[in-house]
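The block underneath contains the structure these notes are about, expressed in structure tokens.
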Amino acid sequence: MPSTLRVRTNTVFKQDWRLQSNDPQLQEQDKYLAKAGQQLRVSSIDRNTQKYGGDYWLVTFEQPLQPTQGKPKINWYVYVPHVEELSVDSSSSVILRARTSTTFKQDWRAQSSNLGQQDKYAARAGEQFRVSSIDRNAQIYGGDHWKVTFEQPLQPSQGKAKSTWFVYVPQVELLGNTVTSPTIRATTNTTFKQDWRAQTSNLAEQDKFAVKAGQQFRVSSIDRNAQRYGGDHWKVTFAQPLQPNQGQAKSTWYVYVPHIVYESSALRSDRNIAPGSSNKYITQKILQQINGSPSIEAVTNVSLLCPSSLLLLCFVCTSAVRLKNYLKTILFHFPR
């Protein structure tokens, strides 16, 4: 696919990637000075950097580039850390953004302070990186790291640029083509738990995650069979592990269903979805209203009901009115 190559810093495109730019063997007709901010249309790119010293691409430009001497040439080797590729359709790209200053590592098991300079990359808060592929099975990498291959190799302070790094999940987030991902939104302050059977107050700090009303979380998978979990909990695996106050970040938690809203791509609107298992709670609420008051209050969470719940609501309300009229008729015919 045609794309654009943007120069991030002044650099030199070369005809021979093995030679330094200032090497006398690299003649003027064999190098092209590209200035920071310059954008060049690309016909094709060979991104297999392993062929070219680990940090060069072989790029074919749509228009030949003119060196200071000699004829213009269409094929050049470019130093990857000095350029970035701007795709024609970047809407499908996935972006990794550093939420806070963090360190990408070549070994997730090692502390950053124990790694050599060539094996760590300092990412600044807010910095964004385009992702080629990502292994989000954090359980393989200590429970809190992802293995990410970036579209462009990242240059550590020493050594060669590298494409694949381990990133600490609580300090990054994914952006880009994520609109189809389902989310869970907290409708009130709540607590996600590692054990649905336990009260929040009885759980250790590492086994509970405090959530504030309005917070949203992207979901990887979800088990909505609440009957397995006390009738009012779901088992949710989040796209990014959640970090409790103590202990390691964890991807899978039990969530209390009446406190959250599940939003899928097909229902990305103001409507909310409540599980069918909440029908018992809704029915009890309606019966309490009927028994305790001459008039039935409006249920404020009607928008949370699924179609089966609405039918149940109509049935209960209609039955209550008919029963009341029937009792009145009996009492009229059989006075005390």
Within one Ile-Leu-Val-Met-Phe-Trp-Tyr cluster: Val131 and Val169, side-chain cutoff 4.5 Å: yes

Beyond-backbone contact of Trp165 with Gln106, side-chain heavy atoms, under 4.5 angstrom: yes

Aromatic plane relationship, Tyr56 with Trp17 - under 30° parallel, 30 to 60° tilted, over 60° perpendicular: tilted

Gap between atom CG of Asp207 and atom CD of Gln246 - 0.5 Å precision: 10.0 Å

More than 12 heavy atoms of other groups within 6.0 Å of Lys73 NZ: yes

Considering all heavy atoms, the nearest Asp223-Arg228 contact: OD2-NH1, 2.8 Å

Same apolar cluster (I L V M F W Y, side chains within < 4.5 Å links), Leu242/Tyr262: yes

Pairwise distance CZ(Phe217) to CZ(Phe209) - rounded to 0.5 angstrom: 4.5 Å

Parallel, tilted or perpendicular: rings of Trp196 and His233 (30°, 60°): tilted

Side chain to side chain, Phe192 and Val255, heavy atoms closer than 4.5 Å: yes

Heavy-atom check, side chain of Tyr79 versus side chain of Thr9, under 4.5 Å: no

Side chains of Leu174 and Leu96 in contact at under 4.5 Å (non-hydrogen atoms): yes

Evaluation steps, side chain to side chain contact (heavy atoms under 4.5 Å, CB included), between Gln206 and Lys250: CA-CA 9 Å; Gln206 64 266 29; Lys250 303 175 181 73; 4.1 Å; yes

Under-4.0 Å salt bridge between Lys14 and Asp16: no

Between Thr49 and Asp55: side-chain donor-acceptor atoms closer than 3.5 Å: no

Any side-chain donor near an acceptor of the partner, Thr68 and Glu28, under 3.5 Å: yes

Derivation and outcome, side-chain hydrogen bond (donor to acceptor under 3.5 Å, both in side chains), residues Gln117 and Ser157: CA-CA 6 Å; Gln117 293 300 319; Ser157 57; 2.9 Å; yes

Student check: side-chain heavy atoms of Leu58 and Lys51 closer than 4.5 Å: no

pair Lys35-Val7: side-chain heavy atoms closer than 4.5 Å: no

Trp76 CH2 to Asp30 CG distance, which is reported to the nearest 0.5 Å: 7.0 Å

Min side-chain heavy-atom separation Val167-Phe150 under 4.5 Å: yes

Leu5-Val12 co-clustered via ILVMFWY side chain contacts under 4.5 Å: no

Shortest non-hydrogen contact from Tyr168 toward Gln243: OH-OE1, 3.5 Å

side-chain contact (heavy atoms from CB on, under 4.5 Å) partner of Ile184, the single match among Val211, Ile222, Val261: Ile222

Nearest-0.5 Å distance, CG of residue Asn75 to OG of residue Ser44: 7.0 Å

Beyond-backbone contact of Trp253 with Pro244, side-chain heavy atoms, under 4.5 angstrom: yes

Donor-acceptor contact below 3.5 Å, side chain Thr103 vs main chain Tyr121: no

Contact summary for Gln152 and Val80, nearest pair of heavy atoms: OE1-O, 3.6 Å

Output field: ring centroids Tyr77/Phe13 closer than 6.0 Å: no

Atom pair OG1 (Thr11) and NZ (Lys31), whose distance is rounded to the nearest 0.5 Å: 12.0 Å

Nearest-0.5 Å distance that lies between atom CD in Glu62 and atom CZ in Arg41: 4.5 Å

For the student: nearest non-hydrogen atoms of Pro67 and Pro72, plus distance: CD-CA, 4.0 Å

Same cluster (ILVMFWY, side-chain, under 4.5 Å), Trp57 and Tyr32: yes

Smallest separation among heavy atoms of Ala125 and Arg99, with atom names: CB-O, 4.2 Å

Charged N-O contact under 4.0 Å between Asp107 and Lys105: no

Worked verdict on Phe61 versus Val78 for side chain to side chain contact (heavy atoms under 4.5 Å, CB included): CA-CA 11 Å; Phe61 294 94; Val78 303; 4.3 Å; yes

Flag, side chain of Lys162 to backbone of Gln118, donor-acceptor distance under 3.5 Å: yes

In one Ile/Leu/Val/Met/Phe/Trp/Tyr side-chain cluster, 4.5 Å: Leu33, Val42: no

Over all atoms of both residues, closest heavy-atom pair of Glu205 and Asn245: OE1-ND2, 3.2 Å

Polar side chain donor-acceptor pair, Asp144 to Gln248, under 3.5 angstrom: no

Ring pair (Phe, Tyr, Trp, His ring centres under 6.0 Å) partner of Phe104, the single match among Phe166, Phe129, Trp146: Phe129

